[in-house]
Amino acid sequence: MNQTVRVRFAPSPTGALHIGGVRTALYNYLFARKTGGKFLLRIEDTDQARFVPGAEEYIQEALAWLGISPEESPWHPGDCGPYRQSERKPMYMQYALDLIEKGHAYYAFDTAEELEAMRERLTAARVVSPQYNSITRTQMKNSLTLSEDEVKARLAFGEPYVIRIKIPRKEEVRLHDMIRGWVVVHSSTLDDKVLMKSDGMPTYHLANIVDDHLMKITHVIRGEEWLPSAPLHVLLYRYLGWEDTMPQFAHLPLLLKPDGNGKLSKRDAEKQGFPIFPMDWKDPVTGETAMGFREAGYLPEAVLNFLAFLGWNPGDERELFTLDELVEAFSIERIGKSGTKFDINKAKWYNEQYLREKTDAELGAFLKADIEKDGLGISEDKAAKIAHIMKDRVTFPQDIWRDSKFMLIAPTTFDQEVASKKWNQEAVSVLTQYMEELEGFTEEFSPEAAKALLEKAAETTGFKLGKVMQAVRLAVTGLGGGPDLMAVFSILGKEELAKRIKFALETLSIQS
RNA sequence: GGUCGGUUCGUCUAGGGGUUAGGACGUAUCCCUUUCACGGAUAAAACACGGGUUCGAUUCCCGUACCGACUACCA
């Protein structure tokens, strides 16, 4: 009875993996690790028309980037393969046939046109939601209405057909959801869903039940959008004779638009300029690229932490969790019921937190790469130093170079506003004196030394240092604000500093 | 329309028959600081509504409203 937990993430390879899907994968992963179970991935590619090249690889890479790779998957098969439904195609028909034999399913030969006609007829008769169900099936072309001989003949002729489930007329279907409790649905509201399509492939409904059973899945953790079809799934387990090993269900709250209402979509992301996919995705058909968290500069640990908290919380007041800590703290009971709006600000905050935990060397390496992309060069040591003074002031790694360009590129122009307000004779005097001090200085040019020297210059000229600091910064960086100036001086070095001050003195003095 | 689900600060949420309804993001102010940021502090900010049950309801029950999902030979 104490069977090993086995959970699965079952995406459809129809494009980039949506961030909501990533969260579903994460919760599955967390639950598996928390319970000492297995996390597997199954590709649900029963709709061949919607197959998108590259989508599978994208899913694999995205999970790997976040560090939540499945233990069993098409790429690392376990004992329950294949892990692609298209490759499991031969396995499904026998179960559909079994259902027909037991009287829980039937063949249907209706063409698309006939189905459309049926819907139109019902709509005209003021039926609000036309369904293929216990009433309408009596008027359609299927093995319930056709004679046995005719059904055999049609089958023998190779006429296209589907297999539909025969939903009982009136019966209460109950299911227990780990998040929502008991959900009761009346079978009269269900329709006779197609189980096997005319192309010989199963639909999601049949395939997921058969596969979950065969793969010994113990818990189905998926999005709330599946809740309405869950009763159908329960019926399928029952009719197939698998009810006693039916997995437990947990339907996750949906990820909603940041403003207004509705499910989070790609459009929202584009409109507001934030990513909604784990990584960049180039649509092979349209050639358009959708932005990903990875390329936008989000760290995987930040994305993980952010996603985990979208619909779940540990029950205490901690906010920062590593993957291992999430595993430790996770429980399905603490998943909320209501939909969650997607707030990118929170993601940015998480990113800042994790960015600051990076070492100067790590961030320095990143900075160095950015600098080299711009055709410039820098030593590792110097890059690390710049990273050090910058990392508390940025959200993304790439912001470091964006906001520290002045460290490598001497200013040629100066912030006009600051110049007009702060550049004056006092600053010119102090700076002129500072250059002299610099010339005679031979020890190591540390931030402390830079400061001592500057204080000396101020003292010599008789001006308050505080009054001219802004002007000094302006002279050296061209800007009105930035990281600790003395650290900047030290990294710049004496010679570069003197050069910049000289240029500023020449350029700025003229205009003021 | 029908079925199902949901509803605590702007957002993510804790809590739960009697609380000053707690935290985080964001916002504002102050402190720190030669600037900016970081950090620290403070503030504004919520139980959708109506009925019950109860001494007492935000919490339990029932309605209503609102929001969402689903309603394909898609998943």
Side-chain angles (χ1 to χ4, degrees), chain A residues 10-14 44-47 49-50 85 108 110-112 115 119 126-132 160-164 177 179-181 183-186 188-191 193-205 207-208 222-231 251 253-254 256-263 306 309-320 334 336-350 352 356 389-394 403 418 422 451 454 464-474 477 479-486:
Chain A
S12 216
T14 54
E44 307 242 330
D45 56 350
T46 53
D47 188 356
R50 293 210 307 163
Q85 287 182 330
D110 315 279
T111 63
L115 288 171
R119 290 193 189 101
R126 294 186 200 285
V127 174
V128 273
S129 56
Q131 284 188 325
Y132 204 118
Y161 66 89
V162 300
I163 295 175
R164 287 180 181 270
D177 184 275
I179 294 171
R180 286 150 218 285
V183 176
V184 184
V185 177
H186 198 90
S188 61
T189 65
L190 270 24
D191 62 344
K193 283 268 182 284
V194 170
L195 264 20
M196 290 296 295
K197 301 186 265 190
S198 55
D199 64 359
M201 277 294 219
T203 59
Y204 168 82
H205 299 108
N208 108 86
R222 78 234 291 197
E224 193 189 337
E225 68 267 31
W226 293 110
L227 195 51
S229 56
H251 288 94
L254 262 16
L256 272 19
K257 297 175 189 298
D259 56 339
N261 317 301
K263 214 160 137 181
F306 169 65
F309 273 66
L310 250 30
W312 172 88
N313 76 85
D316 55 36
E317 286 172 357
R318 290 176 297 162
E319 301 277 343
L320 266 15
R334 294 209 64 86
K337 293 177 171 62
S338 48
T340 299
K341 286 187 184 161
F342 191 83
D343 180 12
I344 199 67
N345 274 328
K346 199 84 172 224
K348 285 183 182 168
W349 178 77
Y350 275 116
E352 287 163 0
R356 284 175 200 140
I389 61 170
M390 294 303 295
K391 71 175 171 185
D392 275 355
R393 17 194 350 112
V394 296
D403 293 345
V418 181
K422 304 285 182 179
K451 182 159 192 188
L454 188 58
K464 279 287 273 187
L465 191 52
K467 299 267 279 180
V468 297
M469 270 322 268
Q470 285 273 97
V472 173
R473 176 183 292 281
L474 180 75
T477 69
L479 306 169
D484 179 66
L485 236 206
M486 295 309 121

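In the text below, chain A, chain B and the rest are named by the order of the sequence lines, each starting its count at 1. Only heavy atoms go into these numbers, but all of them, side chains included; no hydrogens, no water, no symmetry mates. Nothing here was measured: the structure is a model prediction, and the numbers come from that model.
Of the candidates G5(B), A14(B), U34(B), U34(B) carries the atom nearest the Asp484(A) side chain, counting heavy atoms from C-beta on. If you check A69(B), U7(B), U3(B) against the side chain of Glu225(A), the one that comes closest is A69(B). The side chain of Val183(A) lies closest to G5(B), out of G5(B), U11(B), C38(B). The side chain of Pro228(A) lies closest to C70(B) when the candidates are U7(B), C70(B), C4(B). Distance from the side chain of Arg119(A) is smallest to C73(B) among A14(B), C25(B), C73(B). Distance from the side chain of Arg473(A) is smallest for U35(B) among the nucleotides C12(B), U35(B), C74(B). Nearest nucleotide to the side chain of Leu254(A), out of A69(B), A75(B), U34(B): A69(B). Among C74(B), C38(B), G23(B), the nucleotide with an atom closest to any side-chain atom of Glu319(A) is G23(B). Here G5(B) is the nucleotide among G5(B), C25(B), U8(B) with the atom lying nearest to any side-chain atom of Leu227(A). Candidate nucleotides C25(B), C73(B), G6(B) were compared by shortest atom distance to the side chain of Lys337(A), and G6(B) ranks first.
When Watson-Crick and G-U wobble pairs are counted only if both distances are under 3.5 Å, U34(B) pairs with no nucleotide at all. Searching all strands for a Watson-Crick or G-U wobble partner of A21(B) with both distances below 3.5 Å returns nothing.
Between the side chain of Ser129(A) and the base of G1(B), at least one donor-acceptor pair of N or O atoms lies under 3.5 Å. Lys193(A) contributes no side-chain N or O that forms a donor-acceptor pair with the base of A72(B) under 3.5 Å. With hydrogens and angles left out, the side chain of Thr203(A) and the base of C73(B) share no donor-acceptor pair within 3.5 Å.
Distances shorter than 4.0 Å separate none of the side-chain N or O atoms of Arg222(A) from OP1 or OP2 on C70(B). For C74(B), one of the phosphate oxygens OP1 or OP2 lies less than 4.0 angstrom from a side-chain nitrogen or oxygen of Lys197(A). One finds a side-chain N or O of Lys263(A) lying less than 4.0 angstrom from the OP1 or OP2 phosphate oxygen of C70(B). Close to U13(B), at under 4.0 Å from its OP1 or OP2, lies a side-chain N or O of Thr340(A). Between Arg164(A) and the phosphate of C73(B), there is a side-chain N or O to OP1/OP2 separation shorter than 4.0 Å. Put simply, Thr46(A) has a side-chain N or O that comes within less than 4.0 Å of OP1 or OP2 on A75(B). Between Lys451(A) and U33(B) there is no side-chain N or O to OP1 or OP2 distance below 4.0 Å.
Between Leu465(A) atom CG and U33(B) atom C1' there is a gap of 13 Å when expressed in whole angstrom units. The interatomic distance linking Gln131(A) (CD) with U3(B) (P) rounds to 11 Å, in whole Å. Atoms CZ (Arg180(A)) and P (U3(B)) sit 19 Å apart, rounded to a whole Å. As a whole-Å value, the separation of Asp392(A) CG from A37(B) P is 13 Å. Across the protein-nucleic acid pair, Asp177(A) atom CG and C4(B) atom P stand 15 Å apart, rounded to whole Å. Leu310(A) places its CG atom 13 Å from the C1' atom of A24(B), with the value rounded to the nearest Å. One interatomic measurement links the two molecules: CE of Met469(A) to P of U35(B), which rounds to 9 Å at whole-angstrom precision. For the pair Asn313(A) CG and G22(B) P, the computed distance is 17 Å after rounding to whole Å.
Counting non-hydrogen atoms under 4.0 angstrom, Val162(A) reaches a base of the nucleic acid. Counting non-hydrogen atoms under 4.0 angstrom, Met201(A) reaches nothing in the nucleic acid.
Annotation: of the two residues near RNA chain B, Gln85(A) and Lys346(A), the 5′-most nearest-nucleotide partner is Lys346(A). Closest-nucleotide positions on RNA chain B for Glu352(A) and Ala10(A) were compared, and the one nearer the 5' end corresponds to Glu352(A).
For the C1' atom pair drawn from G50(B) and C38(B), the interatomic distance equals 50 Å after rounding to whole Å.
Put simply, the side chain of Gln85(A) does not reach to within 4.5 Å of the side chain of Met201(A), judged on heavy atoms.
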